[in-house]
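The structure appears right after this line, and notes come after that.
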Amino acid sequence: MSDRAEDFSRAQKLVTGSMIISDMGCGAFVRLVVTGAASGQVWFDTLATDDTLTPGPAFGDWYQAWERQRAPGAQV
């Protein structure tokens, strides 16, 4: 297996059980974990840029913060 195929396979294993809920741009995503012990947690996926998958807050906390940023007149 080529290095690129191995990298893809590894990344796929890391994100199995999650779904993308937001695109942060430049190959980075926000994921919601939907299975396993971390279910309900948001993870920040920057695997494409710096090979990192970082645990974040609970979905409800992340969503409230995201919604405040999207509110009319919100300063981003």
Side-chain angles (χ1 to χ4, degrees):
M1 184 181 297
S2 71
D3 287 344
R4 185 177 173 120
E6 287 176 14
D7 289 346
F8 180 77
S9 178
R10 178 182 164 276
Q12 284 298 106
K13 288 177 185 174
L14 289 173
V15 299
T16 296
S18 70
M19 57 188 276
I20 294 171
I21 58 173
S22 183
D23 185 334
M24 298 188 313
C26 297
F29 302 97
V30 178
R31 292 182 168 275
L32 174 61
V33 180
V34 295
T35 62
S39 182
Q41 187 177 17
V42 170
W43 286 46
F44 303 100
D45 173 354
T46 55
L47 291 168
T49 57
D50 66 6
D51 203 33
T52 305
L53 191 59
T54 308
F59 175 74
D61 296 335
W62 175 85
Y63 183 78
Q64 288 175 351
W66 176 83
E67 197 171 52
R68 281 192 299 275
Q69 290 179 352
R70 299 290 180 211
Q75 299 295 316
V76 179

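Side chains are part of it too, since the values below use all heavy atoms of this structure and drop only hydrogens, waters and symmetry mates.
Checking side-chain atoms of T46 against main-chain N and O of A28 turns up no donor-acceptor pair under 3.5 Å.
The shortest non-hydrogen separation linking A48 to G27 is CB-O, 3.6 Å. When all heavy atoms are compared, the tightest approach of T35 to V33 is O-CG1, 3.2 Å. Pairing each heavy atom of Q41 with each of P55, the nearest pair is NE2-CB, 3.6 Å.
Put simply, CH2 on W43 and OG on S18 are 9.0 Å apart, with the number rounded to the nearest 0.5 Å.
Residues M24 and L32 are members of one and the same hydrophobic cluster, defined by side-chain heavy-atom contacts under 4.5 angstrom among Ile, Leu, Val, Met, Phe, Trp and Tyr. Cluster membership for V34 and L47, using ILVMFWY side-chain heavy atoms within less than 4.5 angstrom, is not shared. V42 and I20 fall into different hydrophobic clusters, where Ile, Leu, Val, Met, Phe, Trp and Tyr side chains are chained together by heavy-atom contacts under 4.5 Å. L53 is not connected to M19 by any chain of hydrophobic side-chain contacts under 4.5 Å among Ile, Leu, Val, Met, Phe, Trp and Tyr, and they are in different clusters.
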Checklist entry - So V30 and F44, side chain to side chain contact (heavy atoms under 4.5 Å, CB included) or not? Walk me through it. => result CA-CA 5 Å; V30 178; F44 303 100; 4.0 Å; yes
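Put simply, the side chain of F59 reaches to within 4.5 Å of the side chain of I21, judged on heavy atoms.
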